Amino acid sequence: MTYVPPLAEPEPPIQMPSSSARGWLWWEIVRDGMRTLWMLIDSRYRMAWSTRFVVIALFIAIFTSHWFNPLGYLLPEVLERMLDKVVVLILGFLLYKVLGRELVRYHEYMARWPGGK
């Protein structure tokens, strides 16, 4: 007789997310924004000076990036604006990462605080 392996169980069908799970991105953005705001105004928490310096420097760089474009005189205006937007996106991503790491430190700090969030 030849060996016949047992039939495998069929995989369950993929479940579509419920309507309440569809808006998770917006709620997460709002929640992280509120947590960041609380982190910035919480008098019990001391943000690292290096983070403060980097956040301020990145804000200044984002708002003045169009003034410091070294290729501005060599490129057409459309390409100059596109390059400026790419630089702003990169600086914004760096700002997001810096604030995200500080937010992790804030959560760890609040977990140790009696009655923390």
Side-chain angles (χ1 to χ4, degrees):
M1 286 192 121
T2 59
Y3 173 72
V4 178
L7 294 175
E9 292 288 326
E11 293 185 21
I14 297 174
Q15 297 291 328
M16 295 300 292
S18 65
S19 61
S20 63
R22 290 184 185 154
W24 65 269
L25 178 63
W26 298 110
W27 290 116
E28 192 170 319
I29 290 171
V30 169
R31 187 186 69 216
D32 286 347
M34 293 300 293
R35 287 180 180 174
T36 304
L37 179 65
W38 278 113
M39 176 186 69
L40 294 173
I41 64 173
D42 192 352
S43 63
R44 299 171 292 182
Y45 180 69
R46 298 290 179 233
M47 194 176 351
W49 281 104
S50 58
T51 303
R52 291 176 195 234
F53 175 75
V54 170
V55 167
I56 291 170
L58 285 173
F59 265 116
I60 291 171
I62 287 170
F63 288 114
T64 61
S65 65
H66 59 281
W67 293 342
F68 304 110
N69 188 352
L71 300 176
Y73 299 107
L74 302 175
L75 296 175
E77 186 176 349
V78 173
L79 291 178
E80 178 186 353
R81 288 185 181 188
M82 288 174 57
L83 180 63
D84 181 48
K85 298 304 177 195
V86 169
V87 168
V88 167
L89 282 173
I90 292 170
L91 293 173
F93 178 73
L94 290 173
L95 180 65
Y96 166 77
K97 294 302 280 185
V98 167
L99 285 175
R101 290 190 180 202
E102 192 68 29
L103 196 56
V104 168
R105 286 186 59 230
Y106 178 65
H107 285 293
E108 291 170 355
Y109 174 78
M110 290 307 291
R112 292 186 304 236
W113 190 268
K117 296 177 186 177

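Residue numbers start at 1 and run along the sequence shown. Bear in mind that the values here come from a model prediction, so they are computed numbers and not experimental data.
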Ion pair check, Arg81 and Glu77, cut-off under 4.0 Å: yes
Path from Val78 to Leu83 over hydrophobic side-chain contacts below 4.5 Å: yes
Check: Glu102 and Thr36 side chains under 4.5 Å, non-hydrogen atoms: no
Val55-Met34 co-clustered via ILVMFWY side chain contacts under 4.5 Å: yes
Gap between atom CG of Leu37 and atom CG of Asp32 - 0.5 Å precision: 12.5 Å
Hydrophobic cluster identity match, Val54 and Phe63, side-chain contacts under 4.5 Å: yes
Working for side-chain contact (heavy atoms from CB on, under 4.5 Å), residues His66 and Glu80: CA-CA 9 Å; His66 59 281; Glu80 178 186 353; over 6 Å; no
Distance (rounded to the nearest 0.5 Å) between Trp27 CH2 and Trp24 CH2: 14.5 Å
Sole candidate of Ile90, Leu89, Leu91 that passes side chain to side chain contact (heavy atoms under 4.5 Å, CB included) when paired with Val87: Leu91
Test item: Ile56 and Phe59 side chains (from C-beta on) under 4.5 Å apart, heavy atoms: no
Ion pair Arg105/Glu108, N-O distance below 4.0 Å: no
Thr51 OG1 to Leu103 CG distance, which is reported to the nearest 0.5 Å: 11.5 Å
CG on Asp84 to CG on Leu79, rounded to 0.5 Å: 12.5 Å
4.5 Å side-chain heavy-atom contact, Tyr45 and Met39: yes
Cluster check Ile41, Trp49: I/L/V/M/F/W/Y, side chain < 4.5 angstrom: no
Met47 vs Leu40 side-chain heavy atoms within contact, under 4.5 Å: yes
Arg35 charged N/C atom sitting above Trp38 aromatic ring, 6.0 Å / 45°: no
